Amino acid sequence: MSAVPAAQPAPILSISNIEVIYDHVILVLRGVSLEVQEGQIVALLGANGAGKTTTLKAISNLLRAERGEVTKGQILYRGERIDRSNPSALVKRGICQVMEGRHCFQHLTVEENLLTGAYTRGAAWKMRGAGVKEELGRSTATSRASRSAATRSRAIPPVASSR
């Protein structure tokens, strides 16, 4: 009797052979595929211009803002096609892109940034919120200490008056 291998569970995220084109003519990605299983951490590595950010923008559906589109392949999240979904609907499902280097909320701690991002998730996120606080407990203490020191060492710009 031979052992039958266990069936692999469906991936949380599946990108299948996508192609991305900007301005209807510039081919940026071709044949990109990857899968992310439950509990797995996946890194997307490559040189400048290799398509890392474009791949992430395809997942979060932010390509249209830059006149780009997924022209072939598909992107599935928990088995449902998302490459044509509204970006705000994706955020409500927990899919978003955190732009590197923009420092939108640089005055917030790591925990505060995550909770700010989770705000749109509503009651479902609040139920899991305590777990986030426990997981980040050690790192936020360090972050707060360094943030306090940074805040004390820099001048805070005045708020412009409307008068």
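Values in this document were obtained by computation on a predicted structure and should not be read as measured data. Residue numbers run from 1 in the order of the sequence given.
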Discussion item. If we check side chain to side chain contact (heavy atoms under 4.5 Å, CB included) with L44, which of these qualifies: I59, L34, T53?
Written reply: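 Single side chain to side chain contact (heavy atoms under 4.5 Å, CB included) partner of L44 among I59, L34, T53: L34.
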
Do you know which two heavy atoms are closest between [X] and [Y], and how far apart they sit?
X   : Y   : result
R67 : D23 : NE-OD1, 2.6 Å
N17 : G31 : OD1-CA, 2.9 Å
Q37 : P9  : OE1-O, 3.0 Å
L29 : A50 : CD2-O, 4.3 Å
Q97 : K57 : OE1-CG, 3.3 Å
L62 : P87 : CD2-CB, 4.0 Å

When hydrophobic residues are tied together by side-chain contacts of less than 4.5 Å, even through go-betweens, does [X] share a cluster with [Y]?
X   : Y   : result
L13 : V20 : yes
I18 : L76 : no
V42 : L45 : no
I95 : I41 : no

Fill in: Pair N61-I82, side chain to side chain contact (heavy atoms under 4.5 Å, CB included): steps then yes or no
CA-CA 8 Å; N61 209 356; I82 63 166; over 6 Å; no

Measure the spacing between [atom1] of [X] and [atom2] of [Y] and express it to the nearest 0.5 Å.
X   : Y   : atom1 : atom2 : result
Q74 : S33 : CD    : OG    : 10.0 Å
I12 : E38 : CD1   : CD    : 3.5 Å
K72 : D83 : NZ    : CG    : 14.5 Å
I21 : R30 : CD1   : CZ    : 10.0 Å

Discussion item. As a quick check of understanding, evaluate side-chain hydrogen bond (donor to acceptor under 3.5 Å, both in side chains) for T54 and Y22, giving each step before the final call.
Written reply: CA-CA 10 Å; T54 298; Y22 284 105; 3.3 Å; yes

Item to complete: Go through the steps to decide whether L27 and E19 satisfy the test side chain to side chain contact (heavy atoms under 4.5 Å, CB included), and finish with yes or no.
Response: CA-CA 8 Å; L27 177 63; E19 176 179 281; 3.3 Å; yes

